[in-house]
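Naming: A, B, ... by sequence-line order, numbering from 1 per chain. All values below come from the heavy atoms of this structure, side chains included, with hydrogens, waters and symmetry mates left out.
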Amino acid sequence: MPALLQVVDVVQEYPGVRALKGVSLELAPGQVLGLVGENGAGKSTLIRVLGGIEQPVSGSVLVGGTERTFRSSAESQAAGISVVSQEFRLVPQLSVADNVFLGHELTGAGVVDRGRTRRRTAELLDQLGLDLDPDRPVSSLTVGDRQMVEIARALSREFDVLIMDEPTAALNGAETLRLHEIVRRIAAQGKAVVYVSHHLDEIFDICGDVAVLRDGALVAHAPTAELDEARLVEHMLGRKPQTFERAGSTSDEGAARLEVVGLRVPGVAEPFDLTVRGGEIVGLAGLVGSGRTELTRALFGDLTSAGEIRVDGKPVRLTNPREAVRSGVFMLSEDRKGEGILPHLDVTENAMVSRDRSSLPLLRRLFPVPADESAQFSRLRADMRIRVPHGRQLIGNLSGGNQQKVLLGRALLSGCAVLLLNEPTRGVDVGAKVDIYQLIKQLADAGVAVVVSSSDAPELAAIADRCAVYFAGRRVAELHGRDVTEDNIVGASVGQTAQEATHV
Amino acid sequence: MTTTVTTPAAGVPSAEQEARPGIGQVLRQFAGRQYLLGVLVVACVAVGFARPSFWGSGNLSNVLFQASFVGLAACGMTLLIAAGLLDLSVGGVIAVASIAVATVLPHTTIGTALLLALAIGAVLGLVNGLLVTYVKIAPFIATLGTLYLFLGAAFIWTSGKVVPITSSKYRSFTTGTVGLLPVPFLVFVVLAVGTYFVLQRTYFGRTLRAFGSNERAAVLAGLPVNRAKVLVFVVAGVCFALAGVFMAGRLSSAEGNMATGFEMDVIAAVVVGGTALRGGRGTAFGTVVGALLFAVLNNALNLLGVASYWQYVLTGAVLVAAIALGARRSSAAEVRGAG
């Protein structure tokens, strides 16, 4: 069978990084190929090359046996490659239908044929099992629906090869299943699909073959039937996966570092009470919109609230983040790119910005001393296993996991008593996830009171000593010790109250 | 379909050594970044060939004077732009500060007059800073408004007349030279070094670059963003006033119109020098080169006898070309999300 798409020895380089070190792949008609690898392994780079967004340094791409060079995404589309990108490329002000046919509008006599556009869009949405008005502006859609529109857009083009980059990241269970159905149907039509996902169960579900990238090289390529999840993870990491063991010792004797009494937060139905001792990791669980994000923001002074907050026994008034940091509270936002990293600054400066300078010698308190700071950063890099060639590297060039480690370093250096974390491992790959759990645990062991707000139930089950579950602004359950399990958290977050948990 | 499972290489992820950029790499990077300096040198040599009078000491000091006025103000502007801010009220600040100097000079010492000018610069900068930071008006609009306010104040104060500077001591101080170098140029160099130090080697400068890069993240990191914003406008106001002090000396007078349109020269010098208009990064050295480049260009066009309308065209073309080239170069090394 002739290959639909061949990638031959493709090399791509960025300043200081070899993102792809000679990758070769082949796609046959009807094949669904899973593409996996840690963040930074080169998956997105490969997709950008195939999508015509980047031109490789060397190597070639063959479509149906003939060599092609894509100078733009339009040329790649013309060759029959359709890409569902990880980042949305929708125009929020335009309608669903206009977005689906953006760039290849259905025209009659040079004018956009609105009726036909709407009908075709309705057909596509129907195929996706989506009940959406094609005239609605994209800005009014939920993230999941936007993702589906993005997929509809890819399907609206003529294509032989469909590339999907983490299409299910924003989808719920039912939507994911529907998408899998569509992928199978596309394959059955003799087209080829490249499916990128961090969820390995999806890979085993729908992919016939799987290719593993690590550090820019193809390290494995095999039918999924010959692999199991453990083997796959081993290929991705290049080593046996570490498992994170929660130390059973939940010390009850630590002093309360954070006490919150009757905190009223706009958007949260009930006043909020919470006590966290030093060394304790408390989870806040609940669906998006349950109010837990607002709580962490209020505790960081980023949202106005009324009520009593004590840090280390001292009452504090938190009206802005700066005061919060000075009172010993530190927060990391779930939006790392928008609210965490300072992209033009190097990793050292990013780690140092919040450093507590009160106990430093006078000179270092007044001026940053480069030698001192790079020594500090070297220590952080070793302790936190931050993978970065040198301290002058811009933080924007790192993978999500490494950026998060730098930000945890920032929190550590702030000398905070209370650390509030929002979705600490969102967009972080398997390997770095365990590292980050260990770092959080280390911070707690050093006496910090840690609050982790997360929508990832297995995550909370893995690290939290205690977990409060929120539903629509109310605390519906508080789980302790052994009761902090994935099932209990998920059960309580959807409002199910028949739990063997302690109710509050 | 072939089925090959290549076994992963030895399990340990590559050891990460203390990989510092080597000296050679640093030099190459410097050379790569300072293409503008190369352009400046080439321009000087070329003009020198065409018109040897370019290298005459009188002409050179003329060029340096011009570069200094723009450059002094551009130092303050570099800090602002690195912080993602902007100040269009340069011409107004210069006018008010210079008129104050010219008015008080007959009655006080030079030192007092200078201090007064700088204090006025600081106060006017404070006005800008408070408007931007606490009234939350976008810098572009806020300082456009204060430009007219300051200019209006200057015209009302002088009734639109030129205020002469009669103190010959003041004139000889501000237009004097040390060796071949004019006093204002020396002050400019010192100020540029200070700007570099503030931007790269102080917590204040780091805060500026931090909120220039991502304001929301800087706030959440607990940095004193508001305080730094007000302060940087004050510092910039002082720099503008300093430029005004020397301009008034060179002109032997002060008036409301003495620096109208000057803000654009200043911003152009900063941006051509390589400071990103969107904030996050600033280069004091680039600003020095940028200021010199424009002064050399203007001088060269005059020496070559280019008609004044065509001078505008050529200056504009150089500005656009330099920025386009800079954008091309920096986009190659721009922050990108890792694959």
Taking all atoms of both residues into account, what is the closest heavy-atom pair of [X] and [Y], and its distance?
X	Y	answer
A/Pro321	B/Val219	CB-O, 3.4 Å
B/Gly222	A/Val325	CA-CG2, 3.8 Å
A/Asp302	B/Arg216	OD2-NH2, 2.5 Å
B/Ala221	A/Arg410	CB-NH1, 3.8 Å
B/Leu220	A/Arg297	CD1-NH1, 4.3 Å

* To do: Using heavy atoms and a sub-4.5 Å threshold, report which of residues 194-202 of chain B line up against chain A, by residue number.
  => B/Phe197, B/Arg201, B/Thr202
* Side chain, backbone, both or neither: which part of B/Arg227 has a non-hydrogen atom closer than 4.5 Å to chain A? -> side chain
* Asked: How many angstroms lie between CG in B/Leu223 and CG in A/Leu342, if you round to the nearest 0.5 Å?
  -> 7.5 Å
* Structure fact -> Here the gap from A/Ile395 atom CD1 to B/Ser213 atom OG, rounded to the nearest 0.5 Å, amounts to 10.0 Å
Using a 3.5 Å cut-off and no angle test, enumerate the donor-acceptor pairs between side-chain atoms of residues 267-274 of chain B and protein atoms at least two apart in sequence or in another chain.
none

Would you mind checking which part of [X] comes under 4.5 Å of any heavy atom in chain B, side chain (CB onward), backbone (N, CA, C, O), both or neither?
X	answer
A/Ile341	backbone
A/Arg365	backbone
A/Leu213	neither
A/Arg357	side chain
A/Ser414	neither

* Is the number of heavy atoms from other residues, nucleotides or ligands within 6.0 Å of CZ (A/Arg326) greater than 12? -> no
* Side-chain heavy atoms of A/Glu349 within contact of B/Arg206, under 4.5 Å -> yes
* Residue, of B/Gly205, B/Gly212, B/Gly279, B/Pro224, that accumulates the most heavy atom pairs under 4.5 Å with chain A -> B/Pro224
